[in-house]
Amino acid sequence: MSDKLDVRYTAQLARLELSEAEVTRFQTQLSQVLVYVEKLREVNVDGVEPTAHSSALHNVFREDTPRDWFTSEEALQNAPRQANHLIIVPKVIE
Amino acid sequence: MDLHTLTLTSLQARLRAGDCSPLDALEALEQRIAHVDPKVGGYLSRNFQKARTEAARADVSLPLGGIPIAIKDVINVQGEPCTAASKILSNYTAPYSATVINKLRAAGAIPFGRLNLDEFAMGSSTENSALQRTANPWDLTRIPGGSSGGSAAVVAADEAFASLGSDTGGSIRQPAALCGCVGMKPTYGRVSRFGLIAFASSLDQIGPFTKTVEDSARMLNVLAGKDPQDSTSLELPSEDFTRLVGRDIKGLKIGMPKEYFIEGIDPQVDAAVRAAVRQYESLGAEIVEVSLPHTEYAVAVYYIIATAEASANLARYDGVRYGRRAEDVRNLQDLYIRSRSEGFGEEVKRRIILGTYVLSSGYYDAYYLRAQKVRTLIREDFTRAFTKVDALICPTSPETAFKIGDRSDDPMKMYLADIFTIATNLAGIPGLSLPCGFAEVDGRPLPIGLQLLGKPLEEANLFQIAHAYEQSTPWHKARPTL
């Protein structure tokens, strides 16, 4: 582990843009958090299986049958911009 | 008699006896809210008009017939706002209802109001709400806890008979402790998460806030059950969670995990919890010291796993299909970045960045995978302890409610507020907080919470053990002066 967290670069990966003040503040705060979690290195995890979630369920399937759900109006009711049952976004291909 | 002061169970008895109507109960709440919520700030919105229509035709013979229930603003109710206390969802209207809402309605309950929280349930004080400040009803200069701060505050202030919250690392139990009510996190998979805005999917669980333990069991009766819409919900025979309430606890073994009675706990909290342990002894329980040796790693594991899952869950807020969209963007990439950057608050951004980092190439094994392995060890600690005891007893929070603004600049200190609640979620076991006394701080009483942790799926035993203590002490009857 290391504390080489590059806040600006990681924010970019997460599609976030930070102010200069936020970058500075997060750099300090998150470095502290990373120093704190360093303590996990003390733990011997040889041969320990990882836990993704606590219940014993795996690969839950259901029948692939059609059922009633949203109409397109309902599905689009929160869309910021729409027309003709479609969501409008800025041009993707120049 | 002021109806708003009733417990859920006693309100139900009156409704069924015909002493009052669901409309009377609703009106009592409406007046109480108008009177005290300007000070408490628990509600983000409420829809009494719709609630009155439902109350007028309520069937009080149903399990929660005619009883109004307030909802944390992170659980979808069709046609109502569901903001997650975030600017990014401030104009969102829920197009469907969560399974728990459908279950409440089928049981005759009336979901009527929306409660404040830390933005996207990320926080321990409700100060991260982008929309509103919520105060602790016992001292309006202090925080109610979080993230379900609104859910706890309105029950404590008699502005609701019961409410729903969600608990990812203590977000039900910690505010219940700090506000002096009963908060219950069921076993992971006991209650459907369908329609709950996701924070950390392997940890999130919906649960009730109530004035008494019996009320809590009655709420869980309605909330629990397999849901085809949530593949992590468990297929189990239905059960009555009140069935052991009122039975004595003679001979039950209750474990005191020594890692939860440590230096740094507020002395008044420590004293109250130890007095509760002695009370259990006098009720006939056998107290056994146990060890959960990996406890000290729980906060570190949690802030890796929870932020990793959050960074993935919150990727859906892109300004395209729903939620806030930035104006005057240059291209699609710009739309994503600006919508998210303008819409999310600081703590949410901080956690997304941390979560993105621990999942990023080159760091995944060192952080995320290692945290998942330590999570296994934390679970095994509980499994081992529960071979010796029926339940565990400890403080819910190492401290009482702190002053608004005291912690906002120090995320690490805020994260440590959840030190006693986090391991429960990592292990997936049920946990409950109930009042166990008061600390005197600045000449005012502040509630202290007792936490009981149970074996997976043994919520009924937890209610039995909690109820025995509650009924032998006066704490659940205390109310703040507002």
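Naming: A, B, ... by sequence-line order, numbering from 1 per chain.
Partners of Tyr297(B) by ring-ring contact (aromatic ring centres under 6.0 Å, His included), not counting sequence neighbours: none found. Phe199(B) is linked by a ring-ring contact (aromatic ring centres under 6.0 Å, His included) to nothing, counting only residues two or more places apart in sequence or in another chain.
By the neighbour-count criterion of 12 heavy atoms within 6.0 Å, atom CG of Asp410(B) is densely surrounded, having more than that number from other residues, nucleotides or ligands. When the shell of 6.0 Å around CZ of Arg8(A) is examined, it contains 12 or fewer heavy atoms from other residues, nucleotides or ligands.
The shortest heavy-atom contact between Tyr367(B) and Glu38(A) is OH-OE2, 4.2 Å.
Between Arg350(B) and Glu22(A), none of the side-chain N atoms (NZ, or NE/NH1/NH2) sits under 4.0 Å from a carboxylate O, so this pair counts as no salt bridge.
The candidate with the highest count of non-hydrogen atom pairs below 4.5 Å against chain B, out of Glu42(A), Gln32(A), Glu74(A), Gln82(A), is Glu42(A). In terms of non-hydrogen atom pairs under 4.5 Å with chain B, the most contact-rich of Arg15(A), Arg25(A), Lys39(A), Gln12(A) is Arg15(A). No other option in Leu369(B), Asn425(B), Leu377(B) has as many heavy-atom pairs under 4.5 Å with chain A as Leu377(B).
The closest side-chain heavy-atom distance from Leu354(B) to Leu34(A) is below 4.5 Å. Taking 4.5 Å as the limit, some side-chain heavy atom of Leu18(A) sits within range of a side-chain heavy atom of Ile353(B). Arg340(B) places none of its side-chain heavy atoms less than 4.5 Å from the side chain of Glu17(A). The side-chain heavy atoms of Ser54(A) and Leu426(B), taken from C-beta on, include no pair separated by under 4.5 Å. For the pair Leu40(A)/Ile304(B), a side-chain contact is recorded, criterion being any heavy-atom separation below 4.5 Å from C-beta on.
Going from atom CD of Gln372(B) over to atom CD of Glu49(A) covers 10.5 Å, rounded to the nearest 0.5 Å. The CZ atom of Phe26(A) lies 6.5 Å from the NZ atom of Lys349(B); values are rounded to the nearest 0.5 Å. With rounding to the nearest 0.5 angstrom, the OH atom of Tyr363(B) is 8.0 Å from the OG1 atom of Thr10(A). Atom CG of Leu13(A) and atom OH of Tyr357(B) lie 11.5 Å apart (nearest 0.5 Å). Separation of atoms NE2 (His53(A)) and OG (Ser202(B)) is listed at 8.0 Å; rounding is to 0.5 Å. Between the CH2 atom in Trp69(A) and the OH atom in Tyr96(B) there is a gap of 7.0 Å [rounded to 0.5 Å].
Of the atoms belonging to Ile88(A), it is backbone heavy atoms, and not side-chain ones, that fall under 4.5 Å from chain B. With a 4.5 Å cut-off on non-hydrogen atoms, Val48(A) touches chain B through its backbone and its side chain both. Of the two parts of Ile87(A), only the side chain, counted from C-beta on, holds a non-hydrogen atom closer than 4.5 Å to a non-hydrogen atom of chain B. Using a 4.5 Å cut-off between heavy atoms, Glu342(B) does not touch chain A at all. With a 4.5 angstrom heavy-atom cutoff, Val89(A) touches chain B via backbone and side-chain atoms both. Looking at Arg375(B), the atoms closer than 4.5 Å to chain A (heavy atoms on both sides) sit in the backbone and in the side chain alike. Contacts of Thr356(B) with chain A are made by both backbone and side-chain atoms, with heavy-atom separations under 4.5 Å. Neither the backbone nor the side chain of Leu203(B) comes within contact range of chain A; no heavy atom of the residue lies under 4.5 Å from a heavy atom of that chain. Proximity to chain B is limited to the side chain of Arg67(A), based on heavy atoms less than 4.5 angstrom apart. For Leu457(B), no part lies under 4.5 angstrom from a heavy atom of chain A. For Ser233(B), the part lying near chain A is the backbone, with the side chain staying farther off; criterion is any non-hydrogen pair under 4.5 Å. Using a 4.5 Å cut-off between heavy atoms, Tyr368(B) does not touch chain A at all. For Tyr9(A), no part lies near chain B; criterion is any non-hydrogen pair under 4.5 Å.
Within residues 314-321 of chain B, the residues having any heavy atom less than 4.5 Å from a heavy atom of chain A are, in residue-number order, Gly319(B), Val320(B), Arg321(B). Heavy-atom neighbours of chain A within the stretch residues 322-339 of chain B, taken at a separation under 4.5 angstrom, comprise Tyr322(B), Gly323(B), Arg325(B), Val329(B), Asn331(B), Leu332(B), Gln333(B), Leu335(B), Tyr336(B), Ile337(B), Arg338(B).
Between the side chain of Lys373(B) and the backbone N or O of Val43(A), no donor-acceptor pair lies under 3.5 Å.
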